[in-house]
Each structure stands twice: as C-alpha cells, then as structure tokens.
Protein chains: 2
Amino acid sequence: MVGEAKSRLNAALRDRGYRVTLQRSIIMETLEGLAGHVSVEDIYARVRERFPQVNISTVYRTLELMEEAGLAVHTHFDDGVAKWHRAEEGAHQHLVCRRCGQELELDLDVVEPLAEQLRARYGFQPDIAHFAIVGVCRSCSERAQ
Amino acid sequence: MVGEAKSRLNAALRDRGYRVTLQRSIIMETLEGLAGHVSVEDIYARVRERFPQVNISTVYRTLELMEEAGLAVHTHFDDGVAKWHRAEEGAHQHLVCRRCGQELELDLDVVEPLAEQLRARYGFQPDIAHFAIVGVCRSCSERAQ
DNA sequence: ATTCATGCAAATACTTTGCATCAGC
DNA sequence: GCTGATGCAAAGTATTTGCATGAAT
C-alpha cells in the first residue's frame with residue numbers, strides 16, 4: 001500500500017508535467033502519512049529523518065506545488081502560522097481551542113447549511129475547509145468556571 | 001463626539017490601571033476611526049500622520065493591550081497577516097475572496113445557527129468573529145466561467 | 001519618587017528568492 | 001543536452017524583546 005500511494009503521488013506530478021524527484025516524493029509521502037494539520041517545520045523534521053540533506057526551501061516549494069496540483073491545502077490557524085494537510089482530508093472543518101490548542105474535527109454536514117446560505121444570499125463560494133473555527137473547548141470552559 | 005470617544009477610551013485604560021499616554025490615545029482613536037479590518041502597518045501609517053515619532057513596536061504593544069482590555073480584536077486572514085478591528089465591530093463575520101481580496105461583511109445571524117450547533121453538539125464556544133471565511137466571491141466566479 | 005511606557009535597535013520566526021550546480025527527462 | 005529542481009545563502013516581512021531614557025501617576 002505504501003508503494004501504491006507512492007506511485008499515485010508520482011503519477012500526479014508526471015501528469016501535470018512536473019518532474020518526479022526524490023525530494024518531492026518524500027515530502028508528498030510525508031504529508032500523506034501525517035494525520036491532521038502540520039506545520040512546515042513538522043514536515044521538514046520528518047522528511048529529514050529519511051533524507052537529511054533536504055532543504056527547507058524545497059519543502060516550501062513542494063507544498064506550494066502540491067497545493068497547485070490540488071493534493072494539499074493550507075490553513076492559517078489562530079497564531080497565523082500556516083498548517084498543511086492533504087487535500088483528501090479537506091472535507092472537514094477544524095475547531096481549535098484557543099486555550100489548550102486542541103483540535104477537533106468536524107463533519108462538513110454541520111457546516112453545510114451555512115455554506116448553502118452564503119452561496120444563496122451572497123453568491124459566495126466558501127472554501128469551508130480552508131479555515132479553522134477558533135473558540136474554547138468544553139474541557140477548558142469547564143475548567144474556567 | 002470625538003472628545004467623547006477619546007474620554008471613553010482613556011477611561012477604559014485608566015479603569016484597568018493602565019497609564020494614559022498620547023501614543024495610546026492616538027492609536028486607540030485611530031483604530032476606532034478605521035472601518036473594517038486593518039493591518040498594523042495601516043494603523044501605524046495613520047498614527048504617524050499625527051505623531052510622527054511613534055514607533056511601530058508601540059503600535060503592536062498598544063493593540064495587544066487593547067485586545068486584553070476587550071477593545072480590539074485581531075484576525076488572521078488568508079495570507080496569515082493579522083488584521084485588527086475594534087471590538088464593537090466584533091459582531092460580524094468576514095467573507096474574503098481569494099481571487100480579488102475583496103471583503104464582505106456578514107451578519108452574525110447567518111452564522112448563529114452554526115455556532116448553536118457547535119455549542120450543543122461539541123460543547124465548543126466558538127469565537128465566531130475571530131476568523132474569516134475564505135472563498136470566491138460572486139464577481140470572480142462569474143468572471144472565471 | 002516610583003513605576004511603567006516608549007523609542008531604538010537587535011533578535012526572532014516564518015517565508016521567499018537569486019543563483020550556481022545538479023538531476024530528470 | 002536542455003530545462004527545470006535543488007541547496008545554499010541572503011533577503012524579506014511580520015512580529016517580539018532587552019534596555020536605557022523619559023513620562024505618567
């Protein structure tokens with residue numbers, strides 16, 4: 001299955017006329033293997049375990065490429081730092097607790113009625129998965145009282 | 001009315017034991033006077049018109065103070081840059097077009113049903129005004145077709 | 001008089017870019 | 001062989017911090 005993912009990712013590059021390089025393969029595999037939302041630094045650290053001489057600018061460039069290719073998506077969380085996740089994970093929203101930093105995932109059907117409203121009332125096509133909802137989670141708000 | 005706003009803002013500082021300084025007054029007044037969501041750079045530029053020797057770090061520090069005092073709120077837009085607005089404007093959401101950058105404001109009642117769901121189903125207290133919804137606005141999506 | 005706020009400059013964090021070399025096609 | 005990708009170093013942008021001086025209380 002690992003090999004399968006690898007060839008799928010490599011094909012995604014080739015189909016778009018991008019060159020397949022070891023760095024790109026590893027970076028793409030790494031993002032696929034990481035659950036949830038990870039910073040560039042997180043990805044870089046993981047990639048370096050397998051390919052120590054990789055440069056962080058290549059990670060930035062590859063992520064941008066993946067986003068162009070529709071394979072990855074980035075989101076700015078509360079602190080303004082970009083977090084990345086693979087595009088297939090796109091069909092969810094994130095709740096981020098401002099106190100403890102915990103992330104909750106949310107099915108899109110909770111958000112869909114809002115998206116529908118935005119389309120109908122404003123003609124606006126929201127990219128629902130592209131942002132996080134910030135707030136305070138249950139355990140933190142209980143702790144506060 | 002300008003004087004009234006000024007004394008209200010200065011009182012807000014004094015009540016919390018913060019010192020009232022010319023810089024703080026001007027920065028706070030400036031944010032009050034600017035509609036919508038502005039970057040630190042925007043605020044700094046305006047403040048400097050009235051008080052040229054002000055330093056940008058004072059702007060950062062004052063905005064942080066205002067946020068602590070509940071007078072201002074900041075939001076990270078799509079590019080990760082912080083945008084500020086006054087807290088009374090807080091009761092709205094922003095739609096940001098990823099193509100043209102245009103900002104639309106949105107009444108909270110459109111978002112309230114979602115907020116209600118999040119509270120009921122997840123025990124999560126969303127800070128609805130604290131983030132922007134990214135997507136493509138009507139004119140850009142028409143232009144694309 | 002004491003304490004806090006400011007300006008300045010330097011540091012930090014994140015991200016982008018120019019360019020020579022190297023690798024994929 | 002040609003062209004695009006990479007590593008490296010340097011620059012860029014947004015933001016934060018240490019410290020001496022100056023202002024508010």
Side-chain angles (χ1 to χ4, degrees), chain A residues 6-7 9-31 37-45 47-48 50-69 71-84, chain B residues 6-7 9-31 37-45 47-48 50-69 71-84:
Chain A
K6 177 178 280 179
S7 49
L9 291 169
N10 288 349
L13 288 174
R14 230 184 304 267
D15 291 352
R16 287 162 221 271
Y18 298 128
R19 289 186 182 170
V20 178
T21 65
L22 182 55
Q23 288 89 328
R24 286 182 176 172
S25 294
I26 294 180
I27 293 166
M28 287 170 61
E29 271 179 68
T30 300
L31 186 64
H37 313 90
V38 288
S39 67
V40 174
E41 216 40 71
D42 294 334
I43 299 165
Y44 180 49
V47 169
R48 222 168 12 172
R50 289 172 59 192
F51 194 82
Q53 66 269 45
V54 77
N55 192 274
I56 197 165
S57 64
T58 303
V59 178
Y60 276 103
R61 286 190 273 232
T62 302
L63 288 171
E64 203 180 328
L65 193 83
M66 288 178 72
E67 188 156 56
E68 250 175 73
L71 297 168
V73 174
H74 85 278
T75 301
H76 291 282
F77 276 37
D78 195 36
D79 58 357
V81 174
K83 295 284 178 68
W84 292 80
Chain B
K6 176 178 281 179
S7 47
L9 292 169
N10 288 348
L13 287 175
R14 228 183 305 267
D15 291 351
R16 287 163 222 269
Y18 298 130
R19 288 188 183 170
V20 178
T21 66
L22 182 56
Q23 288 89 327
R24 288 182 173 170
S25 293
I26 293 180
I27 293 165
M28 289 170 62
E29 271 181 68
T30 300
L31 185 64
H37 313 90
V38 289
S39 66
V40 174
E41 214 42 69
D42 294 335
I43 299 165
Y44 180 50
V47 169
R48 221 168 13 172
R50 290 172 58 192
F51 194 83
Q53 64 270 45
V54 77
N55 191 272
I56 197 165
S57 64
T58 302
V59 178
Y60 277 102
R61 287 190 272 232
T62 303
L63 288 171
E64 202 180 329
L65 193 82
M66 287 178 73
E67 189 156 54
E68 250 176 72
L71 297 168
V73 174
H74 86 278
T75 302
H76 291 282
F77 276 37
D78 196 36
D79 58 356
V81 173
K83 296 284 178 69
W84 291 80

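Predicted model, so just to flag it, every value in this text is computed and none were measured. Below, read A as the first sequence line, B as the second, and so on, with proteins coming before strands; counting in each chain starts at 1.
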Quick one: [atom1] on [X] to [atom2] on [Y], what's the gap to the nearest 0.5 Å?
X: A:Arg61; Y: A:Ile27; atom1: CZ; atom2: CD1; value: 10.0 Å
X: B:Asp42; Y: B:Leu31; atom1: CG; atom2: CG; value: 10.5 Å
X: B:Asn10; Y: B:Thr21; atom1: CG; atom2: OG1; value: 9.0 Å

Could you walk me through whether B:Glu29 and B:Arg50 satisfy the salt bridge (charged side-chain N to carboxylate O under 4.0 Å, His left out) test, starting with their C-alpha distance in whole Å, then the side-chain angles of each, then the deciding distance to 0.1 Å, before giving a yes or no? CA-CA 11 Å; B:Glu29 271 181 68; B:Arg50 290 172 58 192; 3.6 Å; yes
I need the [atom1]-[atom2] distance between [X] and [N], as an integer number of Å.
X: A:Glu64; N: D:dG4; atom1: CD; atom2: P; value: 17 Å
X: B:Asp15; N: D:dT25; atom1: CG; atom2: C1'; value: 15 Å
X: B:Leu65; N: C:dT6; atom1: CG; atom2: P; value: 8 Å
X: B:Ile26; N: C:dA5; atom1: CD1; atom2: P; value: 17 Å
X: B:Asn55; N: D:dG18; atom1: CG; atom2: P; value: 16 Å
X: B:Leu13; N: C:dC4; atom1: CG; atom2: C1'; value: 13 Å
X: B:Arg14; N: D:dA24; atom1: CZ; atom2: C1'; value: 10 Å
X: A:Ile27; N: D:dT6; atom1: CD1; atom2: C1'; value: 10 Å

Is there a donor and acceptor pair closer than 3.5 Å between the side chain of B:Arg19 and the base of C:dC4? yes
Do the side chain of B:Arg61 and the base of C:dG7 come within less than 3.5 angstrom through a donor-acceptor pair of N or O atoms?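 Answer is yes: a donor-acceptor pair is held.
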Nearest to the [X] side chain among [options], which nucleotide is it?
X: A:Arg24; options: C:dC14, C:dG7, D:dA5; value: D:dA5
X: A:Ser57; options: D:dA9, D:dT6, C:dC8; value: D:dA9
X: A:Thr21; options: C:dT17, D:dT6, D:dT25; value: D:dT6

So, is the end of the A:Arg48 side chain (NZ or CZ) under 6.0 Å from the ring centre of A:Tyr44 and within 45° of the ring's axis? yes
Are OP1 or OP2 of C:dG7 and a side-chain N or O of B:Gln23 less than 4.0 angstrom apart? yes
Give a yes/no on whether any side-chain N or O of A:Tyr60 is located under 4.0 angstrom from OP1 or OP2 of C:dT16. no
If you look at every strand shown and take non-hydrogen atoms under 4.0 Å, does B:Gln53 touch a base, only sugar-phosphate, or nothing?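 Result for B:Gln53 = sugar-phosphate.
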May I ask you to say what B:Tyr44 touches in the nucleic acid, namely base, sugar-phosphate or nothing, with a heavy-atom cut-off under 4.0 Å? nothing
